[in-house]
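So the structure is just underneath, and the comments pick up after that.
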Amino acid sequence: MTNPKCRKCSKTVYPAELINCGELAWHKTCFKCESCKFKLTKGSEKHLGDKVVCARCYDREKDGAKVYTNVHEETEKKQQNCSQCKDEVSPGAKFCGNCGTKLVHA
């Protein structure tokens, strides 16, 4: 039997590092949210069309909301910038004070 190729990096995935999700395979280190790159674990992933995403990105993207910042806890305390004008935004702000872009937070 041939070992599968990783969906992300296209390299061979050996059994010790394999995560299966449907008919697709990933290395444990490659199994990340395709929107924000948050590390996923088997069972924590959500399917959004042909993308595998985390629960937070799924909740935002399924409704058509655009995610402008990395919304995960380990980065929430870091400074955030608006994706449109790159201006610094206050933690918890709903809109960019400079250009008015709607921000989405966890």
Side-chain angles (χ1 to χ4, degrees):
M1 181 175 143
T2 307
N3 291 316
K5 300 290 183 185
C6 177
R7 175 178 172 162
K8 178 160 176 34
C9 71
S10 301
K11 294 182 181 176
T12 300
V13 182
Y14 296 98
E17 55 191 2
L18 174 67
I19 292 185
N20 275 323
C21 185
E23 295 182 16
L24 301 172
W26 281 266
H27 293 103
K28 289 178 185 175
T29 56
C30 292
F31 195 53
K32 296 179 182 179
C33 174
E34 293 181 37
S35 290
C36 71
K37 310 304 180 219
F38 186 73
K39 185 176 180 182
L40 299 171
T41 56
K42 180 67 179 147
S44 70
E45 79 280 356
K46 301 278 187 182
H47 299 270
L48 193 62
D50 64 344
K51 289 172 57 175
V52 176
V53 297
C54 67
R56 289 182 179 171
C57 288
Y58 176 82
D59 288 341
R60 284 167 180 79
E61 293 181 28
K62 72 179 168 105
D63 296 327
K66 219 172 184 182
V67 179
Y68 292 105
T69 60
N70 186 342
V71 295
H72 294 286
E73 295 156 348
E74 65 269 20
T75 59
E76 279 182 11
K77 295 178 184 170
K78 294 181 182 177
Q79 182 59 51
Q80 296 177 343
N81 295 343
C82 174
S83 67
Q84 297 297 312
C85 70
K86 307 301 182 210
D87 196 39
E88 190 175 297
V89 293
S90 302
K94 293 185 181 188
F95 296 90
C96 174
N98 184 47
C99 71
T101 298
K102 184 176 181 179
L103 305 169
V104 180
H105 299 281

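Just so you know, these numbers come straight off a predicted model, no measurement behind them.
For Lys32 against Lys39, the heavy-atom pair with the smallest separation is CG-CA, 4.1 Å. Shown here for Leu18 and Pro4, the closest heavy-atom pair between the two residues is CD1-CG, 4.1 Å. Across all their heavy atoms, Val53 and Cys57 have their closest contact at CB-CB, 4.2 Å.
Between the OG1 atom in Thr29 and the CD atom in Glu17 there is a gap of 7.0 Å [rounded to 0.5 Å]. To the nearest 0.5 angstrom, Tyr58 atom OH is 12.5 Å from Ser35 atom OG. Remark: Lys46 NZ to Glu61 CD distance equals 13.5 Å, nearest 0.5 Å. If you take NZ on Lys11 and CG on Asn3, they are separated by 15.0 Å, rounding to the nearest 0.5 Å. Between the SG atom of Cys33 and the CZ atom of Arg56 there is a distance of 11.0 Å, given to the nearest 0.5 Å.
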Using distance only, find each side-chain donor-acceptor pair of residues 19-27 under 3.5 Å and give its atom names and separation, not counting sequence neighbours.
residue: His27; atom: NE2; partner: Thr12; partner atom: O; Å: 3.0

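In this structure, the side chains of Val52 and His47 come closer than 4.5 Å at one or more pairs of heavy atoms.
The existence of a salt bridge linking Glu45 and Lys42 is confirmed by a sub-4.0 Å separation between a basic side-chain nitrogen and an acidic carboxylate oxygen.
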